[in-house]
Amino acid sequence: MVTNLILKGQTLSFRDDPFLVAPDAAIDHHTDGAVWIKDGLIERVGAASDIVTAAPDVQVVDYGDKLITAGFVDCHAHYPQLPIIASYGEQLLEWLRKFTFPSESKFSDYDYAAQASAFYLDECLKNGITTASVYATVHSNSVDAFFETATKRGLRMACGKVLMDRNAPANLTDTAQSGYDQSLALINKWHNVDRCTYAITPRFAPTSSAEQLEAAGTLWREYPDTIMQTHLSENKAEIDWVRELYPEALDYVGVYEHFGLAGPGAIYGHAIHMSEREEKALRESGSAIAHCPTSNTFIGSGLFDMRSLRECEAPHIVGLATDVAGGSSMSMFSVMRSAYEVAQLRGYSLHPVKAWYLASVGSAHAMRLNHKIGNLAAGMEADIIIIDLASTPLIKRRMADVETIHDVLFAQIILADDRAIRATYAAGNLIYNSGNIDD
Ligand code: GUN
Ligand code: ZN
């Protein structure tokens with residue numbers, strides 16, 4: 001679709017990694033800023049006066065003092081689990097058995113999966129998430145439904161069929177061969193079609209035999225620009241189980257390394273109980289970690305060590321993720337708030353500019369999409385959100401006392417929810433508008 005549009009407001013973009021340079025040096029913030037969108041891409045970002053002068057005939061949408069920034073990127077989520085969000089009382093392995101697997105078994109039905117995809121993607125838009133790396137279920141149908149629904153909305157999304165050939169209900173398992181064949185067919189149908197990226201998705205080591213992990217590794221070698229996503233070292237009982245199931249492996253990371261499932265484009269969810277060897281091996285492989293703080297607290301898994309994984313000489317690639325529905329919220333504000341609180345419990349304060357970076361550029365980097373999405377910069381795809389910085393009376397009151405953009409971002413992280421997302425653009429098209437026209 002042809003677009004030529006200027007959005008005016010406050011703009012926030014990243015110039016550098018705030019873990020490597022001071023927060024102020026890492027961002028560009030214009031209080032009177034603008035973003036010029038042309039044919040779905042960002043043509044220019046900067047001071048509104050410069051942009052309007054350069055493009056005097058282009059239509060302007062004036063968002064006043066609202067914040068214009070890149071859409072959030074969620075690098076680990078399970079759309080089929082949204083119906084069971086907020087399920088009480090269990091930790092990982094029981095939670096999977098009692099709530100998750102029964103929910104996922106309904107996705108053999110295409111219509112059910114299409115309706116659930118639409119609901120999930122609408123929630124993403126309301127929460128300003130424009131891209132996510134998503135687990136479907138074992139059923140190919142669930143991937144078709146998801147990509148079809150995402151494509152209708154013009155969204156850049158990654159998704160994959162879950163591979164599980166053991167330790168799961170019979171109606172949710174495949175085999176090493178059928179899992180390979182179905183994934184291959186889905187890659188041929190969807191990978192790099194429109195804005196879709198295929199993610200090879202072995203659920204985690206306990207639900208895949210060695211043959212299945214071997215087949216997943218082979219497929220990834222054959223299609224190296226797909227994503228490979230799985231879970232790692234989330235829960236102590238899970239880790240003990242992996243040791244029993246793969247006694248010859250060095251450790252949990254060693255299982256994935258052995259089958260060729262580590263490397264750039266691999267996204268490991270959680271990674272909260274790693275040994276020094278595992279941390280080093282993961283970093284040296286170029287794999288990324290999806291930090292899922294709302295899930296790690298909600299299902300009682302543990303506290304991610306942001307300081308040692310990111311605040312160091314050789315940092316890991318880290319993105320932020322909702323992990324719905326182990327995660328208890330669709331809001332990236334909640335995820336950033338939880339990341340801050342978890343870091344506090346480990347004696348480290350996660351700066352708001354760093355949290356925001358992880359929720360956008362960091363997650364895009366984990367997905368190897370940071371040259372396309374996750375930031376406002378010339379040439380990037382125009383996936384953009386408009387944030388009302390005074391979306392509740394309490395936030396409005398807090399804004400009366402802020403001094404810097406850091407304070408503004410921090411107050412949003414701690415206090416905001418989906419009411420703050422005023423509008424969402426995908427590839428330059430307005431696809432969600434909250435209707436709160438109360439400037
Ligand atoms: N480990 C294996 N499967 C899952 C899942 O669906 N959610 C979470 N949080 N952890 C997992
Ligand atoms: Zn997960």
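Atoms within each ligand, like the ligands themselves, are counted from 1 in listed order.
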Which heavy atom of the protein is the closest neighbour of atom 7 (N) of ligand 1, given with residue, atom name and distance?
-> Trp95 CZ3, 3.6 Å
To the nearest 0.5 Å, tell me how far Tyr425 OH sits from Ile431 CD1.
-> 11.0 Å
With His76, the side chain to side chain donor-acceptor pair (under 3.5 Å) member among Asp323, Thr230, Thr322 | Asp323
For ligand 1, is there an atom lying under 4.0 Å from some heavy atom of Tyr135?
-> no
Should the pair His78 and His231 be assigned to parallel (<30°), tilted (30 to 60°) or perpendicular (>60°) ring geometry?
-> parallel
From His231, does some N, O or S atom reach closer than 2.8 Å to the Zn ion (ligand 2)?
-> yes
Is there an N/O/S atom in Asp323 at a distance below 2.8 Å from the Zn ion (ligand 2)?
-> yes
Can you tell me the protein heavy atom closest to atom 1 (N) of ligand 1 and the distance?
-> His231 CG, 3.4 Å
Output the list of atoms in ligand 1 that are nearer than 4.0 Å to some heavy atom of His270, sorted by atom number.
-> 9 (N)
How about His78: does one of its N, O or S atoms come closer than 2.8 Å to the Zn ion (ligand 2)?
-> yes
Would you kindly specify which portion of Leu96 sits under 4.0 Å from ligand 1, judged on non-hydrogen atoms: side chain, backbone, both or neither?
-> side chain
For Glu276, does the CD atom sit with more than 12 other heavy atoms under 6.0 Å from it, leaving out its own atoms?
-> no
Would you please classify the geometry between the Trp241 ring and the Phe204 ring as parallel, tilted or perpendicular, with 30° and 60° separating the classes?
-> perpendicular
Hey, which atoms in ligand 1 end up nearer than 4.0 Å to a heavy atom of His78?
-> 5 (C), 6 (O), 7 (N)
Ignoring hydrogens and angles, tell me if any N or O in the side chain of Asn296 forms a donor-acceptor pair with the backbone of Leu303 under 3.5 Å.
-> no
Ligand-side contact atoms (ligand 1) for residue partner Asp323, heavy atom cut-off under 4.0 Å | 8 (C), 9 (N)
From the list Asp17, Ile317, Leu350, side-chain contact (heavy atoms from CB on, under 4.5 Å) partner of Arg310 resolves to Asp17
Pair Tyr79 + Phe146: ring centers closer than 6.0 Å = yes
Using a heavy-atom cut-off of under 4.0 Å, does the side chain or the backbone of Phe298 touch ligand 1, or both, or neither?
-> neither
Quick note on ligand 1: atoms under 4.0 Å from a heavy atom of Phe204 include exactly 1 (N), 2 (C)
Looking at Arg203, which atoms of ligand 1 are within less than 4.0 Å of one of its heavy atoms?
-> 2 (C), 3 (N), 4 (C), 5 (C), 6 (O)
Close N or O approach (Gln81, ligand 1; < 3.5 Å) | yes
When you measure from atom 10 (N) of ligand 1 to every protein heavy atom, which one gives the shortest distance, and what is it?
-> Glu234 OE1, 2.7 Å
Are Asp383 and Arg195 close enough, and set up right, to give a salt bridge (Lys or Arg N to Asp or Glu O under 4.0 Å), and what steps lead you there?
-> CA-CA 12 Å; Asp383 291 350; Arg195 304 188 80 200; 2.9 Å; yes
Hey, does Glu104 come in under 3.5 Å of ligand 1, counting only N/O atoms on both sides?
-> no
Taking it one step at a time, do Glu257 and Arg277 satisfy salt bridge (Lys or Arg N to Asp or Glu O under 4.0 Å)?
-> CA-CA 12 Å; Glu257 283 181 292; Arg277 192 212 78 82; 2.8 Å; yes
